[in-house]
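As the structure is a computational prediction, the values presented were derived from the model and not from experiment. Numbers here are sequence positions counted from 1.
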Amino acid sequence: MLKEVRFYAFHGVMPQERKVGGDFTVSLRVGVDLTRPVASDDVADTLNYATLYDVVKREMAIPSQLLEHVAGRIGQAVFDAFPQVTTIDLTLVKLNPPMGADSEGAGVELHLTNEKTPS
């Protein structure tokens, strides 16, 4: 799991948002069988969260208009990088969105299922 990882990125419908950027957070919970690492205490048997972060960081660096698009790309990139992942619960929030309201943020939540997870 990654919880509220902060990024400065260039996502938004308005051109100014993609030019000056803003703050975002990403939270990611992945479904994966942890039977082996629980028993082995070996990092090679688990999903490395530093590598997971690198996947998310790479996708957050690609400007997009819609948060839904960014979240979908992140999900697909995680499935591609970690075929053992069965599900992803992903929250992507734009902090201080330009909508004329005082809020902690606006964003999207996705629940994704990897249909190609090996049995």
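Atoms CZ and CD, from F79 and E115 in turn, are 8.5 Å apart once rounded to the nearest 0.5 Å. To the nearest 0.5 Å, the span separating OG on S27 from CD on E109 amounts to 9.0 Å. With rounding to the nearest 0.5 Å, the separation of CG in L110 from CG in L67 is 10.0 Å. Taking CD1 from I74 and CD1 from I62, the interatomic distance works out to 9.5 Å, rounded to the nearest 0.5 Å. From K3, atom NZ reaches atom CE of M1 across 6.5 Å, with rounding to the nearest 0.5 Å. The distance from atom CG of L90 to atom NE2 of H111, rounded to the nearest 0.5 Å, is 11.5 Å.
Follow the hydrophobic side-chain contacts under 4.5 Å out from V5 and you never reach L95; the two are in separate clusters. Hydrophobic clustering (ILVMFWY, side-chain heavy atoms < 4.5 Å, transitive): V38 and V32 are in one cluster. L66 and L92 are members of different hydrophobic clusters when ILVMFWY side chains are connected at heavy-atom separations under 4.5 Å. Linking Ile, Leu, Val, Met, Phe, Trp and Tyr whenever their side-chain heavy atoms come within less than 4.5 Å puts L2 and V70 in one cluster. Two different hydrophobic clusters hold F10 and M60 under the rule that ILVMFWY side chains link at heavy-atom gaps under 4.5 Å.
Nearest heavy atoms, T51 versus F82: CG2-CZ, 3.7 Å. The two residues I88 and L28 have their closest heavy-atom pair at CG2-CD1, 3.3 Å. Taking all atoms of both residues into account, the shortest heavy-atom contact from P97 to G105 is CD-CA, 3.9 Å. Annotation for P83 and D80: closest pair CD-O, 4.2 Å, computed over non-hydrogen atoms.
Remark: the S40 side chain and the D45 side chain contain an N/O donor-acceptor pair separated by less than 3.5 Å. Between the side chains of R29 and T87, no donor-acceptor pair of N or O atoms lies under 3.5 Å.
A donor-acceptor distance shorter than 3.5 angstrom exists from the side chain of N114 to the backbone of V85, with no hydrogens or angles considered. Proximity of a side-chain donor or acceptor of T46 to a complementary backbone N or O of P37 within less than 3.5 Å is not detected. Remark: side-chain polar atoms of E17 are paired, donor with acceptor, to backbone N or O of M14 under 3.5 angstrom. Of the possible donor and acceptor atoms, none in the side chain of H11 sits under 3.5 Å from a partner among the backbone N and O of G22. A donor-acceptor pair under 3.5 Å is absent between the side-chain atoms of R6 and the main chain of D23, judged by distance alone. Counting only distance, with no hydrogens or angles, the side chain of R36 and the backbone of D41 share no donor-acceptor pair below 3.5 Å. The backbone N or O of G12 sits less than 3.5 Å from a side-chain atom of R18, completing a donor-acceptor pair.
Evaluated for a side chain to side chain contact (heavy atoms under 4.5 Å, CB included) with V93, the options T25, V26, V108 yield exactly one hit, T25.
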Step by step, would you call T113 with T86 a side chain to side chain contact (heavy atoms under 4.5 Å, CB included)?
CA-CA 6 Å; T113 302; T86 57; over 6 Å; no
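For E68, the CD atom counts as densely surrounded, since its 6.0 Å shell holds more than 12 non-hydrogen atoms of other residues, nucleotides or ligands. Residue-environment remark: CG (N96) stays at or below the threshold of 12 foreign heavy atoms within 6.0 Å.
Between F7 and Y53, the ring planes lie parallel to each other; the angle is under 30°, not in the 30° to 60° tilted range.
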